[in-house]
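Every number for a ligand or one of its atoms is a count from 1 in the order of the listing. Predicted, not measured: the structure shown is a model, and the values here were computed from it.
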Amino acid sequence: MDLLSLNCDKFVQFALQEASNRTNLVPLHSQERFKNLSTNDKKTAVSTISFSAPKIRHLRSMNINGGRTMQVLDLCIFPEAQFNVPIFCANFFASPAMSIVVLDLNPLHGAMTQGGHMDGHYEKLLPICQQYAEFFPWGGKITFESVRFFSPVVIWSKFTPSLDRHEALFSAFMEYLKIWFEMLEQSSEETDPDSVHLNRQAQHRYLTWRAEKDPGYPLLKKLFGESLAKDLVENFLFDGVNYLGSKQFLDYFPEYRVSDGTLNQRRSVVGKSFETRPWDDRGNFIGC
Ligand code: BLA
């Protein structure tokens with residue numbers, strides 16, 4: 001099955017089942033609020049889920065089903081700031097022109113250099129990631145801006161939509177998700193207020209980046225109109241961007257300031273991009 005036949009429900013149901021087996025999910029207000037979204041073209045169906053749980057600040061997913069025209073699954077799980085646990089990120093986009101896959105445990109504090117992030121869980125994921133390289137080879141040029149949020153086990157791939165990748169994607173998704181839950185379960189609560197603050201700020205920085213520059217944003221505006229797209233981005237997809245911290249985009253990413261003080265609209269300004277996987281097979285960063 002190709003990714004235009006993406007059965008998003010299967011992914012979402014697995015995530016909900018796995019979460020329910022391990023913890024207590026509580027629906028969030030935003031699930032009700034963004035339940036019945038209608039699109040401008042009246043043809044594309046959208047479904048959303050939004051929960052919290054002990055240790056989990058926000059588990060949310062949005063699925064856009066445009067039949068053979070477009071399929072999107074954007075599922076993220078954000079831990080509570082007391083836990084230095086990565087953000088689970090499954091982001092799939094398929095159109096007749098291309099399929100894009102990002103599956104990762106985005107480390108809170110970055111993994112451009114190996115630092116302390118190659119803990120046992122990432123080590124466990126390394127061979128799994130390598131095993132999937134056959135199905136999901138490195139997707140080619142990717143910006144520095146994205147890579148700095150990725151981990152050494154990121155699956156980033158871009159391929160022709162006709163390839164039969166559905167089952168491989170589902171099994172990678174299950175493996176990554178299970179290991180993410182193991183990480184969460186084994187993490188202990190941080191009590192030092194400075195560390196909690198740093199974790200919260202790292203999430204806020206991530207949310208600030210994605211809320212402003214996510215490659216899906218232009219399409220969301222087309223589907224929902226400017227104001228609903230903004231509402232969705234700020235209060236659903238990247239909920240927390242308006243209250244987890246007070247810094248603004250340019251405080252975190254000053255390189256985006258243009259001479260009149262406004263924000264550069266481009267998605268990448270650093271200029272560096274990575275054509276091949278910038279981590280070696282032991283997870284060391286080699287992209288310098
Ligand atoms: C493209 N989405 C992409 C690409 C990446 C991601 C890496 C391709 C490279 C690029 O254009 O930058 C995803 N990038 C990520 C993620 C992170 C990151 C997850 O840095 C995390 C840190 N995508 C969605 C939604 C839509 C969507 C909701 O999540 C549409 C409604 C669409 N993604 C989408 C489209 C493209 C894309 C249309 C192609 C954009 C283009 O080629 O200009």
Worksheet entry | F135 and Y132 aromatic ring geometry - parallel, tilted or perpendicular at 30°/60° bounds |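 Taking F135 first and then Y132, their aromatic rings sit tilted (interplane angle of 30° to 60°).
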
Discussion item. Looking at D280 and N284, would you say the former's side chain and the latter's main chain have a donor-acceptor pair under 3.5 Å?
Written reply: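 It does hold such a pair.
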
Discussion item. If we check side-chain contact (heavy atoms from CB on, under 4.5 Å) with F78, which of these qualifies: L207, L59, V85?
Written reply: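 It is L207, the one option of L207, L59, V85 that forms the side-chain contact (heavy atoms from CB on, under 4.5 Å) with F78.
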
Worksheet item: Between Q17 and F14, is any pair of side-chain heavy atoms under 4.5 Å apart?
Response: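 They are not in contact (no side-chain heavy atoms under 4.5 Å apart), so the answer is no.
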
Worksheet entry | Side chains of F88 and L75 in contact at under 4.5 Å (non-hydrogen atoms) |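 F88 reaches L75 side chain to side chain.
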
Worksheet item: So, Q31 and R60: side-chain donor and acceptor under 3.5 Å apart, yes or no?
Response: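 There is no such pair (donor and acceptor under 3.5 Å, judged by atom type) between the side chains of Q31 and R60.
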
Protein N/O near ligand 1 N/O, under 3.5 Å, which pairs?
residue, atom, partner, partner atom, Å
ligand 1, 11 (O), R267, NH2, 2.4
ligand 1, 12 (O), R267, NH2, 2.7
ligand 1, 20 (O), S146, OG, 2.7
ligand 1, 29 (O), N91, ND2, 2.8

